[in-house]
S.K.: 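My structure is below; once you've seen it, I'll send some questions.
Each ligand, and each atom within it, is numbered from 1 in the order the structure gives. Quick note: numbers below take in every heavy atom, side chains included, and nothing from hydrogens, waters or symmetry partners.
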Amino acid sequence: MLFDSVLGLVNDVAIDLGTANTLIYVKGRGVVLNEPSVIAIEKGTGQVVAVGSKAKEMLGRTPDGINAVRPMKDGVIADFDGTEDLLREFILQVQRRRLLVRPRMVICVIGVGLPVEKPSGNMVVDIGGGTTEIAVIALSGIVNHTSVRVGGDEMDEAIMNHLRRSYNLLIGEQTAEQIKIQIGSAYPLEEEMEVDVKGRDLVGGVPRTLKITSEEIREALQEPISAIVEALKLSLEETPPELAADLVDRGIVMTGGGALLRGLDVLLREETKLPINVVENPLTCVVLGTGRILDNLSHYEPVLMRSAKR
Ligand code: ADP
Ligand code: MG
């Protein structure tokens, strides 16, 4: 298997290798690494120059000889070598801090504290960087799973496209992400906001500053957000009736960084007429949940075995 060489190093460690962020949990220590899934590589030699936040700072502004990339950007492992390098560097960082003595295993599951051992159905919507994963879980197994290639990255792209088309202003992915986090929304806000955006004028070629409002960013985000809503509705239609009835009571749990977009919960509530709950820590809950399993392996064994069969 591709990652054997890397994963063989570790033990009692849970890794959430996300398209945007990677988190590592060590049993008994908690989360020991939380970094963007970005790697910077020297072009000629293939040597790793930087990983994580240092590499993320280089995205879109690397000198000629260096390539900063997100190897899993589109939700699948698009760049195997880059992904393997990234994972190895992160594990080495953790090991250098001498936190790992006798490694045992690596797993990744949805860890949002749902009572999945009970027969009732739960729906989890995980909006990450590259993908949105929708899963219906019951009796410790996944009943239905959908993955669409729309997530936070598409929202960033929509913001970039809007500024280019409407104002001839070129901005980078990072600036777009900041705008999304600062004023982005999926539903009208009680108090709309505005922010100054710096970019490069497409016509004059010079740097320029522009004021933009939360209303127009919401408009720009409509396409990726509708895609998420549609995927969710489709998944609800495919849910077996008995479980669908459970969802009416229990609602849908939202996680992943995209769940933090303002008003997305309100919009989904309106669109589905179901209760929507956002988990407490959308960016860390997967690795925390996996860690909880590591801490209580015997208790979770039946769940793990059933999931492994699928
Ligand atoms: P992955 O599991 O794919 O690595 P994450 O769950 O870490 O993804 O989520 C990363 C995504 O969440 C990014 O697109 C990021 O821009 C987005 N994000 C993080 N914080 C916020 C926020 N406050 N509002 C909207 N989007 C956010
Ligand atoms: Mg994730």
Side-chain angles (χ1 to χ4, degrees), residues 14-25 31 33-39 51-53 55-57 59-60 69-79 82-83 86-87 90 106-112 124-135 145-160 171-187 189 193 195 214 217-218 220-225 227-228 253-268 278-291:
I15 301 179
D16 174 15
L17 188 63
T19 65
N21 297 296
T22 297
L23 289 88
I24 300 184
Y25 176 104
V31 177
L33 182 136
N34 182 353
E35 294 274 349
S37 308
V38 187
I39 186 164
V51 289
S53 45
K56 190 176 182 186
E57 281 167 21
L59 275 181
V69 290
R70 289 179 48 197
M72 289 159 296
K73 192 172 176 196
D74 293 317
V76 286
I77 300 176
D79 169 358
T83 303
L86 185 77
L87 197 49
F90 282 151
V106 176
I107 36 175
C108 252
V109 292
I110 298 163
V112 290
V124 180
V125 180
D126 177 353
I127 306 169
T131 59
T132 294
E133 314 270 336
I134 302 168
H145 174 248
T146 317
S147 178
V148 284
R149 285 210 198 167
V150 183
D153 296 337
E154 294 261 331
M155 298 181 200
D156 302 345
E157 263 164 48
I159 292 174
M160 289 168 76
I171 59 165
E173 281 171 35
Q174 303 237 57
T175 305
E177 184 184 25
Q178 280 161 17
I179 296 171
K180 173 184 69 181
I181 292 174
Q182 279 173 10
I183 64 166
S185 61
Y187 201 83
L189 302 172
M193 297 177 275
V195 73
S214 48
I217 293 301
R218 187 162 58 245
L221 291 177
Q222 217 196 323
E223 212 173 291
I225 287 172
I228 293 172
V253 173
M254 267 168 86
T255 183
L260 291 168
L261 185 74
R262 286 175 195 78
L264 188 51
D265 53 342
V266 182
L267 180 74
L268 294 185
V278 180
V279 301
E280 209 171 306
N281 306 299
L283 289 160
T284 53
C285 76
V286 168
V287 86
L288 288 178
T290 312

S.K.: To check your reading of the model: name the closest protein heavy atom to atom 8 (O) of ligand 1, its residue, and the distance in Å.
M.R.: Gly129 N, 3.2 Å
S.K.: Locate the shortest heavy-atom distance separating Arg218 from Ala186; write the atom from each residue and the value.
M.R.: CD-C, 3.8 Å
S.K.: Among side-chain atoms of Glu35 and Ser53, is any donor-acceptor pair under 3.5 angstrom?
M.R.: yes
S.K.: Check whether any N or O atom of Asp156, backbone or side chain, sits under 3.5 Å from an N or O atom of ligand 1, and answer yes or no.
M.R.: no
S.K.: Sequence neighbours excluded and cut-off under 3.5 Å, please list the side-chain donor-acceptor pairs for residues 281-288, or say none.
M.R.:
none

S.K.: Write out the residue and atom name of the closest protein heavy atom to atom 3 (O) of ligand 1, then the distance separating them to 0.1 Å.
M.R.: Thr19 OG1, 2.6 Å
S.K.: Just which atoms of ligand 1 are under 4.0 Å from any heavy atom in Gly258?
M.R.: 12 (O)
S.K.: Under 4.0 Å, heavy-atom basis, I'd like to know which part of Met155 is in contact with ligand 1: side chain, backbone, both or neither.
M.R.: neither
S.K.: Does CD belonging to Glu280 count more than 12 external heavy atoms closer than 6.0 Å?
M.R.: no
S.K.: Specify the protein heavy atom at minimum distance from atom 7 (O) of ligand 1: its residue, its atom name, and the distance to 0.1 Å.
M.R.: Asn21 ND2, 2.7 Å
S.K.: Which one of Lys73, Lys56, Met72, Glu57 satisfies the side chain to side chain contact (heavy atoms under 4.5 Å, CB included) criterion with Val38?
M.R.: Lys56
S.K.: Of the protein's non-hydrogen atoms, which lies at the shortest distance from atom 15 (C) of ligand 1, and what is that distance?
M.R.: Glu177 OE2, 3.2 Å
S.K.: Is there side-chain contact between Val195 and Ile217, with at least one heavy-atom pair below 4.5 Å?
M.R.: no
S.K.: To which protein heavy atom is atom 10 (C) of ligand 1 closest, and what is the distance rounded to 0.1 Å?
M.R.: Ala20 CB, 3.5 Å
S.K.: So which heavy atom in the protein is nearest atom 22 (C) of ligand 1, and how far is it from that ligand atom?
M.R.: Leu260 CB, 3.4 Å
S.K.: Where does Leu283 meet ligand 1, judged by heavy-atom distances below 4.0 Å: at the side chain, the backbone, both, or neither?
M.R.: side chain
S.K.: Note the single closest protein heavy atom to atom 2 (O) of ligand 1, along with its residue, its atom name and the distance in Å.
M.R.: Gly18 CA, 3.7 Å
S.K.: Val150: which residues meet the side-chain contact (heavy atoms from CB on, under 4.5 Å) condition with it, sequence neighbours left out?
M.R.: Glu154, Pro224, Ala227, Ile228
S.K.: Do Ile39 and Asp79 touch side chain to side chain, with heavy atoms closer than 4.5 Å?
M.R.: no
S.K.: Select the closest option to atom 9 (O) of ligand 1 among Gly130, Ser37, Gly257, Gly256, judged by heavy-atom distance.
M.R.: Gly257
